[in-house]
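Fair warning: this is a prediction, and the values are worked out from it, not measured in the lab. Side chains are part of it too, since the values below use all heavy atoms of this structure and drop only hydrogens, waters and symmetry mates.
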Amino acid sequence: MTGWHASDHLVARYADGCLPEADAWSLEKHLESCGGCCALRVSRAVRATAAGPALDGIREKILADVRGAVPADPRGAVPARVPEAAPAGGAAVPPAHGPVPGAPDPAHPAGSPVRTRPRVYRWPSAGPGAVHLLWALGPAVRGAWLPAVLLVAVGAVALAHGGGIANARPWLLALAPVVPVAGVALSYGPHADPMHEITAATPSAGLRLVLTRTAAVLAVSLPLLTLAGALLPSADAPNAAAWLLPGLALTLASLALAGYVGLRTATAVTGGGWLCAVLGPVLTAPGGLTDELGERLSRYLDGAPAQGGWAAAAVLCAALLAARRPAFHFLEKS
């Protein structure tokens, strides 16, 4: 929380719905950490509009449903304390709170054993920052994508060392740049997040949430696939880390293109384009598939010119992504 607070004019325009979207998102983000503005001013301003009676009716209905769902106490209701009679010529004596020292306790007669309530250990809860982070990373680290990455990495190593495949690294390098692209496609949208409609309406949605989930995908896939590539035997294929810049460039290209055509279409175009460019000529080549794939990957990945080209492509895609930032507020909303 900062020292800035929303002005009355800004709150009134927000309540009327005439505030620009960028300013409304900024105000909503501020209200997440400023209870004073939210409870005392914005809520009052919204209730003063035409939607106020409807909001009050919804609130009362929710409270009634909650009260009806609370189970009754089997021990019966606790009788309310009745104020003691006022002494003659004096003011009323307020009800006493708690037992009077020295007075007998009717709940525990003399001589009866005193029951003590067992102590219950409570695990420390995570702070709000950790909860927000876990919520943001949710679809990126669960579901079928994470087991698929593990299957690709472990399966490649198992086939190379247990299946007798002596030159398996080129095949892993050909598929590795597509894995984070597929992870990004499966991390954002109604097909990946059951709460996507609610998430898309929050001020934390848009490019910030997409980048958070993309970072989670890269944090999982990059080390796993690079380590698996280093464990694979290969005679003339590029080194195990040669796919990192192409994978990053393809991921940023998918995000930049998503601002125009949507996330799933963009990832299908970039991932499919890479597979067609790498595997298409290999499948039609007359020679051995693995040897041809190794030579093609060497042209695409090996050497300073190739890596410099991928780095330049990544920077260009990042600049285009920043320019298309407003489009991500409406990404995958239907």
Side-chain angles (χ1 to χ4, degrees), residues 20-26 28-29 132-149 152 174-222 225 243-280 310 312-334:
E21 289 186 351
D23 295 336
W25 288 325
S26 177
E28 291 171 355
K29 188 62 181 176
H132 290 167
L133 182 60
L134 290 176
W135 164 77
L137 300 183
V141 294
R142 67 168 183 256
W145 178 80
L146 184 57
V149 176
V152 170
L175 297 177
V178 183
V179 173
V181 174
V184 170
L186 297 175
S187 297
Y188 194 83
H191 58 282
D193 190 356
M195 299 181 63
H196 174 73
E197 296 298 331
I198 300 176
T199 302
T202 62
S204 297
L207 182 59
R208 176 183 177 184
L209 185 59
V210 174
L211 291 179
T212 301
R213 294 180 176 176
T214 300
V217 168
L218 294 175
V220 172
S221 59
L222 295 188
L225 296 179
W243 73 278
L244 294 179
L245 277 177
L248 179 61
L250 290 177
T251 302
L252 291 175
S254 300
L255 295 179
L257 187 60
Y260 297 94
V261 299
L263 194 58
R264 283 179 288 180
T265 303
T267 53
V269 170
T270 54
W274 167 264
L275 293 178
C276 290
V278 173
L279 299 181
W310 286 113
V315 172
L316 180 62
C317 292
L320 183 59
L321 177 62
R324 292 291 298 173
R325 178 189 180 97
F328 283 82
H329 291 297
F330 310 98
L331 184 67
E332 304 285 346
K333 285 203 173 184
S334 61

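Listed here is the closest heavy atom pair of P180 and L218: CB-CD2, 3.7 Å. For A327 against G259, the heavy-atom pair with the smallest separation is CB-O, 3.6 Å. Between L252 and A314, the closest heavy-atom pair is CD1-O, 3.4 Å. Closest approach of L255 to L263, counting heavy atoms only: CD2-CD1, 4.0 Å.
Taking A266 as the reference, L257, A258, V261 meet the side chain to side chain contact (heavy atoms under 4.5 Å, CB included) condition, with sequence neighbours excluded. Every side chain to side chain contact (heavy atoms under 4.5 Å, CB included) that L275 has, sequence neighbours left out, goes to L175, V178, L279. Partners of P177 according to the side chain to side chain contact (heavy atoms under 4.5 Å, CB included) rule, which considers only residues two or more places apart in sequence or in another chain, are W243, L250, W274. With sequence neighbours excluded, the residues forming a side-chain hydrogen bond (donor to acceptor under 3.5 Å, both in side chains) with T270 are S254, listed by chain and number.
In this structure, R325 CZ and L320 CG are separated by 14.5 Å, a value rounded to the nearest 0.5 Å. The line from CG of L244 to CH2 of W310 is 12.5 Å long, rounded to the nearest 0.5 Å. Atoms CG and CG, from L316 and L321 in turn, are 11.5 Å apart once rounded to the nearest 0.5 Å.
Each of V210, L211, V217, L209 was checked for a side chain to side chain contact (heavy atoms under 4.5 Å, CB included) with R213, and the lone residue meeting it is L209.
Under the side-chain hydrogen bond (donor to acceptor under 3.5 Å, both in side chains) criterion, no residue pair touches residues 244-253, with sequence neighbours excluded.
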